[in-house]
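Letters A, B, ... are given to chains in the order of the sequence lines, protein chains preceding strands, and every chain is numbered from 1.
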Amino acid sequence: MVEIRLTNTRTRRKEAFTPIDPRNVRLYLCGPTVYDRAHLGNARPVLVFDVLVRLLRHVYGADHVTYVRNFTDVDDKINARAAATGRTIREITEETVAWYHQDMDALGAARPDHEPRATEYIVQMVAMIETLIANGNAYEAEGHVLFDVRSFPEYGRLSGRSVDDMIAGARVEVAPFKRDPMDFVLWKPSEADQPGWDSPWGRGRPGWHIECSAMSAALLGPSFDIHGGGIDLQFPHHENEVAQSCCAHPEAGFANVWLHNEMLQVEGKKMSKSLGNFFTVRDLLDKGVPGEVIRFVMLSTHYRKPMDWTETKAKEAERHLENWFFALVQAGYSKSMVETLKNGGVWRPLDAVVNALANDLNTPGAIAALHDVTLGGSAVQSAPFAASLEMLGFVPDWDEIGSFARVGVGSVGEHPARDRVAALLLDRQEAKRVKNFQKADEIRNHLQRAGVEVRDTPGGGWTFELGPDFDEAVLDDLGRP
RNA sequence: GGCGGGUUGGCGGAGAGGUUACGCAGCGGAUUGCAAAUCCGUGAAGACCGGUUCGAUUCCGGUACCCGCCUCCA
């Protein structure tokens, strides 16, 4: 069996991964607070975990992995959005969840096995808070329930901080009812116009961190294998989760392995609204950047390094994917072909790809291994390469690869000019057949001027692509001397 | 102030204490009516200073610069 090695934030080392139960490997990823479209940075942990889950399913079996990713649908940001727009919280969260699904689907990220919503686990949260109070780890004060960080000696270990150091450098105003400035809220009172639930401490709502502790325990148990998220969540979110979960379940270990991805930048700078380089996944998709391209760029940088999104990378990524898919189309790939190959027992990803992924999810290494493959052989010969692409999640639908590769006529897009371009190319094909190369080149030059990129294929065929500066008006000049 | 990450060839980006990463661009060649694509080959690196070692870009220490977190942003 392939040994998977992962860098564990908890121990700051790369360690061999050993599941608690190989028949049920359990993972939890902190999902979004649903008040707005997912931005590009939100996609990174999703894709990292998507690859991780694919790897785990490959190694331990498809039915032996349980992947949970939550929706936090109770939060003051949501309340603020509702107040600002006059819409109900329910409308906003429902809409945002649907958007999230669309956008992550477009990136080829498989849906988790469970997508619990915080509002469906209020009972479990209240119960956990009661346990924490009973265990002496939390206290009630002025309608709030707070976690007592001094009651948990390990507090700060995950993020490598000490409570005293943090207090020394703290820049936050401290609520007067806190015993310690670092104590954090488990439950807080709600005004009449705020969402709230009845509790032993009056009508209120949960604090930010408790939902993940409650939902992971409910769906995965108090001890599970891998917990992840962006490095910015390491503190305070994950630190607080550890405190809550370990104190509520002193007998359990909570998450064995903590995985944190580094942040995303855009053209070398932090993505922020003030710099004007902030964009969502949807913005990119609407701009015509395919989800596979976004995925490719994301996976081109190791998850533990800052990743820089640039136009150049997106273009390079698109080029590679086009060439790869083009080669597979020529080798006869389709959904039914892949079925046949799978039944034929030749559907095995390349060892080099699996080994790279097993080595702390070295996705750039896996992609490099794909570059080493010589394409152009038969479908069977290409199977390990194709299976590797699938393992990396680049192929949501084998029947669609032709359209990505932009092969032939009518197989792509709906642009009304396609038929006209195709007709001209048929003329050119005829001109080439009779060796009238002057005319053939003329047609190609005209098409180029209109922004159409033409490629000849062996045997006198061709493919074309409408470039970004395609101008149908120029087509009207075609054929004139 | 505290904590963490980074610094590799023109650009992007990995692994490994000693042997070619890989991709893009460049150069040479094959192929092609010409292009494009593809294929083969090829030059180019490890921020700075010290230490450990037979040998370090890879380990250790220090310096510089960049970035992030400590403010319910993945």
Any N or O donor-acceptor pair under 3.5 Å from the base of B:rG12 to the side chain of A:D308? no
Counting side-chain heavy atoms from CB outward, which of B:rC24, B:rC72, B:rA74 is closest to A:D75? B:rC72
Between A:G160 and A:G207, whichever has its closest RNA chain B nucleotide further toward 5' is A:G160
Closest to the side chain of A:L233, out of B:rG15, B:rA74, B:rA37, is B:rA74
Output yes when at least one side-chain N/O atom of A:N323 is less than 4.0 Å from OP1 or OP2 of B:rU38, else no. yes
Without decimals, in angstroms, what is the distance between A:D372 CG and B:rC22 P? 7 Å
How is A:S159 classified with respect to the nucleic acid when contacts are heavy atoms under 4.0 Å: base, sugar-phosphate, or nothing? sugar-phosphate
Within less than 4.0 Å of OP1 or OP2 of B:rG13, is there a side-chain N or O belonging to A:T301? yes
Provide the distance between the two C1' atoms, one in B:rC66 and one in B:rG51, to the nearest whole Å. 26 Å
Starting at atom CD of A:E262, determine the distance to atom P of B:rC67, rounded to an integer number of angstrom. 13 Å
Quick check: on RNA chain B, is the nucleotide nearest A:V373 upstream (toward 5') of the one nearest A:E316, or the reverse? Name the residue that is more 5'. A:E316
Does B:rA74 have OP1 or OP2 sitting under 4.0 Å from an N or O in the side chain of A:R69? no
Correct closest heavy-atom pair for A:L259 and A:L361 would be CD2-CD1, 4.4 Å
Between B:rC70, B:rA14, B:rG5, which nucleotide gets closest to the side-chain atoms of A:P306? B:rG5
Pairwise P distance, B:rG43 and B:rU52 [rounded to whole Å]: 34 Å
For a quick check of understanding: with a heavy-atom distance under 4.0 Å over all strands, which category does A:I231 fall into, base, sugar-phosphate or nothing? nothing
A:H237 near the nucleic acid: base, sugar-phosphate alone, or nothing, with a heavy-atom cut-off under 4.0 Å? nothing
Give me the distance, rounded to whole Å, that separates B:rG2 from B:rG13 when you measure between the C1' atoms they each carry. 32 Å
On the ring face of A:Y139, is A:R179 found with NZ or CZ under 6.0 Å from the centre and within 45° of the axis? yes
Which nucleotide wins on minimum distance to the side chain of A:D232, given the candidates B:rA74, B:rG23, B:rG33? B:rA74
Using a 4.0 Å heavy-atom cut-off across all strands, classify A:R428 as base, sugar-phosphate, or nothing. base
A:R304 CZ to B:rA74 P, in whole Å, measures 21 Å
Kindly say whether, by distance alone, the side chain of A:R444 makes a donor-acceptor pair under 3.5 Å with the base of B:rA35? yes
Take the protein atom OH of A:Y303 and the nucleotide atom P of B:rG15, then report the distance between them rounded to whole Å. 11 Å
So A:G41, base contact, sugar-phosphate only, or nothing? Heavy-atom distance under 4.0 Å. base
Could you work out which one of B:rC24, B:rA14, B:rA74 sits closest to the side chain of A:M263? B:rA74
Is A:K305 near enough to B:rU7 that one of its side-chain N or O atoms lies under 4.0 angstrom from OP1 or OP2? yes
Determine yes or no for a side-chain-to-main-chain donor-acceptor pair under 3.5 angstrom, with A:R37 supplying the side chain and A:R282 the backbone. no
Report yes if at least one side-chain N or O of A:K313 is closer than 4.0 Å to OP1 or OP2 of B:rG13; otherwise report no. yes
Consider the side chain of A:R319, meaning its heavy atoms from C-beta on, and name the nucleotide among B:rC22, B:rG33, B:rA37 that approaches it most closely. B:rA37
A:L370 has an atom CG; how far is it from atom C1' of B:rA21, in whole Å? 14 Å
Residue matched to B:rG68 through Watson-Crick or wobble contacts both under 3.5 angstrom: B:rC3
Between A:V242 and A:W258, is the side-chain contact (heavy atoms from CB on, under 4.5 Å) condition met? List the steps. CA-CA 11 Å; A:V242 170; A:W258 285 86; 3.5 Å; yes
Distance-only polar pair, side chains of A:N8 and A:E15, donor-acceptor under 3.5 Å: yes
When rounded to the nearest 0.5 Å, the distance separating CZ of A:F254 from NE2 of A:H227 is 5.5 Å
Would you measure the distance from the C1' atom in B:rG46 across to the matching atom in B:rU57 and give it in whole Å? 4 Å
If we take the P atom in both B:rG1 and B:rG9, what is their distance in whole Å? 30 Å
When the P atoms of B:rC48 and B:rC11 are considered, how many whole Å apart are they? 15 Å
Please classify the nucleic acid contact of A:N261 as base, sugar-phosphate, or nothing, using heavy-atom distances under 4.0 Å. base
With rounding to the closest Å, how many angstrom separate the C1' atoms on B:rU58 and B:rC72? 40 Å
Could you state the atom-to-atom distance from NE2 of A:H227 to C1' of B:rA74 in whole Å? 12 Å
Please determine whether any donor N or O and acceptor N or O are separated by less than 3.5 Å between the side chain of A:H260 and the base of B:rA74. no
For A:H446 and B:rC34, give me the distance from atom NE2 to atom P, rounded to whole Å. 22 Å
Any strand counts, and the cut-off is 3.5 Å on both contacts for Watson-Crick or G-U wobble. Which nucleotide pairs with B:rG9? none
Which residue, A:F278, A:W309, A:F279, A:W99, forms the ring pair (Phe, Tyr, Trp, His ring centres under 6.0 Å) with A:H39? A:F278
Applying a 3.5 Å limit to both distances, which nucleotide forms a Watson-Crick or G-U wobble pair with B:rG26? B:rU42
Between B:rC60 and B:rG6 - P atom distance, rounded Å: 12 Å
Roughly how far apart are A:M215 CE and A:N70 CG, rounded to 0.5 Å? 4.0 Å
Atom-to-atom span, CG of A:L321 to C1' of B:rG23 - whole angstrom: 13 Å
State the pairing partner of B:rA14; accept Watson-Crick or G-U wobble contacts with both distances under 3.5 Å, and report none otherwise. none
Any strand: nucleotide that pairs with B:rU52 via Watson-Crick or wobble, under 3.5 Å: none
Within the 4.0 Å heavy-atom criterion, would you say A:Q234 contacts the bases, only the backbone, or no part of the nucleic acid? nothing
Taking A:P195's backbone N and O only, do any of them form a donor-acceptor pair with A:S190's side chain (distance below 3.5 Å, no angle check)? yes
Could you identify the nucleotide paired to B:rA47, looking across every strand shown and requiring Watson-Crick or G-U wobble geometry with both distances under 3.5 Å? B:rU63
